[in-house]
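To start, the structure itself, in structure tokens.
Predicted, not measured: the structure shown is a model, and the values here were computed from it. For the numbers below, each heavy atom of this structure counts, side chains included, while hydrogens, waters and symmetry mates do not.
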Amino acid sequence: MPSATNPVIVQSDRSVLLEVHNPLYEEARDTLAIFAELEKSPEYIHTYRITPLSLWNAASSGVSVGEVLKALDQYSKFPLPDSVCTEIQQLMGRYGLVKLQRDGDMLLLTAADPVILLEIVRHKEVKLLLASAEQARSKDFSSPSLTQVEINPEARGQLKQLLMKLAYPVEDLAGYSQGNPLSMAWRGENPQGEPFALRSYQQQAVETFHQQGSVRGGSGVLVLPCGAGKTVIGMGVMMELQCETLILTTNNSAVKQWLRELRDKTTLEASQMGEYTGEKKEICPVTVATYQILTYRSKAEGTFDHFQLFNEKNWGLIIYDEVHLLPAPVFRATSELQAKRRLGLTATLIREDGKEDEVFTLIGPKKMDVPWKILESQGWIATAECTEWRISMSKDRRMDYALAEEKGKFRLAAENPRKLEKVSELMECHKEDLVLVIGQYVRQLELLARELKAPLITGKTPQRERERLYEEFRSGSLHCLVVSKVANFAIDLPDANVAIQVSGTFGSRQEEAQRLGRILRPKQGDSRAYFYSLVSKDTKEQEFAMHRQLFLTEQGYAYKIMIEEDLEP
DNA sequence: GATAGCGGAA
DNA sequence: CACAGTCCGCTATC
């Protein structure tokens, strides 16, 4: 029931305001995260927005309209605006109004309400996707009782995309091809020879993906924090399906990592697993490839030479690792592969290019979203303390900043030399810890590394050198590493428990989450991690920093804001 | 036959 | 917004 002491205000434009300093804040935040997206998170009032996609995501993971309305009502100060209730009902009600089903070889688009089907089928672009042109011209389309039409099976993905645009998110129940069978099992892991055991949430993820037999389950996206063991979940799904599998990842070290894990944890033999990369072009019952090789175009022809990998074998499952990074050309391939089971894995289903709805459509609906704080409370990831330090700039720099062109301002603020003093200070506080200093501009990092007398790793650092430094860091003989954006990709970067971010990509929530993830693997004893973000006070960088933090704020991480005293007022 | 180094791409 | 990193495939080198 609405009450003045509640923390939430729901406005008629579908924005939702949440009071941070309210005793019910945390409860309300965790509830809102299920069906709304955090837009702004300044000190006192956070702004969420209820969007069609956020509602459909909730609907597809089984949340009902009633539950959403009840939650809003429960935390709201005032009675909900009627218009918002109506809109939520309307929008969520649209999920699954149309379904894709199979009848023998036929792919059918069905709707309980003939009027809806009529509206859809009359659409110019939809007409092109119908099974036959003849059908498209047929008078049946004005029939008041039409509840199904036959669709060209090839167009399954395209149709889903189109229907999403028309705000009819379709529920795809057309099922999947089984793929070639491949038998595999977990390998005995411990000395007692007991089989490898999934953690409870991992087991739950596998089951959720697989839910309700073969029709409803079988494709979708699982969202899990960094360090939650996504490869293990992928393997868990493979165990369920027992079929030939294609795994797509972002880079070569991830390819190696998958193969290593498969070797260690499953009974698959070496000859059954292979990599398809720039180095080797193996095609095996389980093949691990990079996205880049798929998007490679020959210079002369401009053709995608490696797309045929999708058809090389009768894959029963395709795993998209870090699915939020799925490149646009692979979208197209994926839209043609709707008959294959697809598993997307990611820590943040956020793309700064706004194409997350395409991931949602073409890979599958979000099946599960494990909140970071839940894993923290279960001890799978470390407790982190996040601090944003706002650093002033020198008088001269402030002058430069004021005079700089709009696009140069960000860099000027980011490279504020005064950040160095703060980094040194923080290092003093963390003498016993393993510290990563992470930044985006190599010049700035070179300067920092020199002053801190710490080694620097950038993209130019040879692989050998990197491994040597990683090893020293791991053994503890080295306690500070300065790293550039390599930290965003390198999965072999050792764990630390302190990260100091001195600059980052404009407003990337993804990157912020990744960087926090670097320090969340629990250590022995006191499992605390510290994340510091250094930004120049009263600059564009400060605004971007706020945007970067949104995803983690949504996950319940509270940034403590510290403001450095002005040295020259 | 392996591998290091380079340019272009997304 | 642009910077940085990565990958692929090619060529040179032993």
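Among the heavy atoms of the strands lying under 4.0 Å from A/Thr277 are primed sugar atoms or P, OP1, OP2 only; no base atom is included. No contact: A/Lys409 has no heavy atom under 4.0 Å from any strand.
Phosphate contact (OP1/OP2 of C/dT6, side-chain N/O of A/Asn488, threshold under 4.0 Å): absent. OP1 or OP2 of C/dT6 sits under 4.0 Å from a side-chain N or O of A/Arg466. Contact check, A/His547 against C/dC1: no side-chain N or O comes under 4.0 Å of OP1 or OP2.
C/dT6 atom C1' lies 15 Å from atom OH of A/Tyr296, rounded to whole Å. Counting to the nearest Å, the P atom of C/dC1 and the CD atom of A/Glu543 are 14 Å from each other. The CD atom of A/Glu279 sits 13 Å away from the C1' atom of C/dT6 (whole-angstrom rounding). Taking atom CD1 of A/Ile491 as the reference point, atom P of C/dG5 lies 18 Å away to the nearest angstrom.
A/Arg528 places no side-chain N or O within 3.5 Å of a backbone atom of A/Glu385 that could act as its donor or acceptor partner. In terms of modelled atom types and a separation under 3.5 Å, the side chain of A/Arg351 and the main chain of A/His324 share a donor-acceptor contact.
Ring orientation note: the planes of A/Phe531 and A/Tyr559 are nearly perpendicular, at an angle over 60° on the 30°/60° scale. Ring geometry for A/His430 versus A/Tyr530: interplanar angle of 30 to 60°, hence tilted.
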Reading nucleotides 2-10 of chain B from 5' to 3' and marking B where a protein heavy atom lies under 4.0 Å of the base, S where only the sugar-phosphate is that close, and - otherwise, the string is --------S
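In this structure, A/Lys422 pairs ionically with A/Glu425, as a charged nitrogen and a carboxylate oxygen lie closer than 4.0 Å.
Atom NZ of A/Lys419 is separated from atom CD of A/Glu415 by 9.0 Å, given to the nearest 0.5 angstrom.
Of the N and O atoms on the side chains of A/Ser392 and A/Glu564, at least one donor lies less than 3.5 Å from an acceptor on the other residue.
More than 12 heavy atoms of other residues, nucleotides or ligands shown are found within 6.0 angstrom of NZ on A/Lys313. Within a 6.0 Å sphere centred on CD of A/Gln308, other residues, nucleotides and ligands contribute more than 12 heavy atoms.
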Please write out the pairs of protein N or O atoms and N or O atoms of nucleotides 2-4 of chain C separated by less than 3.5 Å, giving the distance to one decimal.
from  : atom 1 : to       : atom 2 : distance (Å)
C/dC3 : O2     : A/Lys485 : NZ     : 3.2
C/dA4 : OP1    : A/Val442 : N      : 3.3

